[in-house]
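Whatever order the structure lists them in is the order used to number ligands and atoms, beginning at 1.
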Amino acid sequence: MDGAAAGRYGKQVLFRPIGINGQAKISAATVTIIGLGALGTVSSSHLCRAGVGRLKLVDRDFVEIGNLQRQLLFDEEDALKRLPKAVAASEKLKKTNSEIVIEHEIADVEPRNVEALVAESDLVIDATDNLETRFLINDACLKNEIPWIYTAALGSTGVVMSIVPGQTPCLRCYIDRLPPAGAIASCDTEGVLSMTTAAAASLQCAEALRLLVGLKPTEGMLYFDVWERSFETFYIDRKDDCPACGLGKYEFLDGTAYSFTTVLCGRNAVQIQPPAESEIDLELLADRLQQAGEASYNGFLLSFKAEGYELVLFPNGRAIIRGTTDEAEARNLYARYIGT
Ligand SMILES: [Zn+2]
């Protein structure tokens, strides 16, 4: 047994489809993981331990106690400190593998920043929780010819599919357009098991290693149910009239199809992204907001409680407004306390 097979990645190197050559490719790769919730905490842990040379972690949210049931990198202390998920995940992963480069970004992925976030990536991991962001990733990855792996979970069911520009159908070949609000089930109404999200993330990362070592993606969209223990794969062909991969219209990336208010799945909360970037002095604002309610600043974000709502504000002006799923009400609260 030589050095590589005996070392940190020994068991993985012994697996023949990877081997020493595959491990070298994995070590040379850059992977961007978008979302560090139930899917992203498991996927980032797998890819970190597998030795992906450079991991870019992106998430917009902070850790809460209700996350711990399924977000396997976080603990009670992270929730108590309300650490941004990108920070908490990056700290844990750096302790797990100091031989790789781990970068993090506290950001909401949206049309203005998605291309910069996926730039230089050999692969993008979708660990988001909504279709709108996935359509945006689809556009950005098609345009920049970056493979990405779509993954979603709900209740006991999950889907996984590799999308390789120019080779496979894209997400919009499968799902033509965004369904109207409230038309699809969400983890708000259906809940989700940690076994579902962990299984989906594991299948996603097996697929990731396949692509990183230079093998073809598996075909079709895998659908599984951990409760019924069933697996099925659906196949379709690329569509010539697909707006994204067929006609080259990136409607989510160019912003024509993209909204800046998002109801957050399972959170009784709405996120507001102001149309123009700003740089807010949160410490100063926290002082000012003390007049109107309970305000605190933890070095990363400002929390403000009033009228039965909580506004959590980030330095670039993005806010998560808890206690409502009404987008207009959330916009109203934002305008009242934060201003535009
Ligand atoms: Zn397509």
Using a cut-off of 2.8 Å, count how many protein N, O or S atoms are strictly closer to the Zn ion (ligand 1). 4
Only residue of D126, V160, I163 satisfying side-chain contact (heavy atoms from CB on, under 4.5 Å) with I149 is V160
What is the minimum heavy-atom distance between V109 and I34, and which atoms define it? CG2-CG2, 3.5 Å
List the steps and the verdict of side chain to side chain donor-acceptor pair (under 3.5 Å) for Q69 and S194. CA-CA 7 Å; Q69 167 251 354; S194 65; 5.0 Å; no
Mind checking whether F135 and F252 have parallel, tilted or perpendicular rings, split at 30° and 60°? tilted
Residue pairs meeting side chain to side chain donor-acceptor pair (under 3.5 Å), one or both in residues 231-245, sequence neighbours left out, come to none
Are F314 and F62 packed together at the side-chain level, in the sense that at least one heavy-atom pair is separated by less than 4.5 angstrom? yes
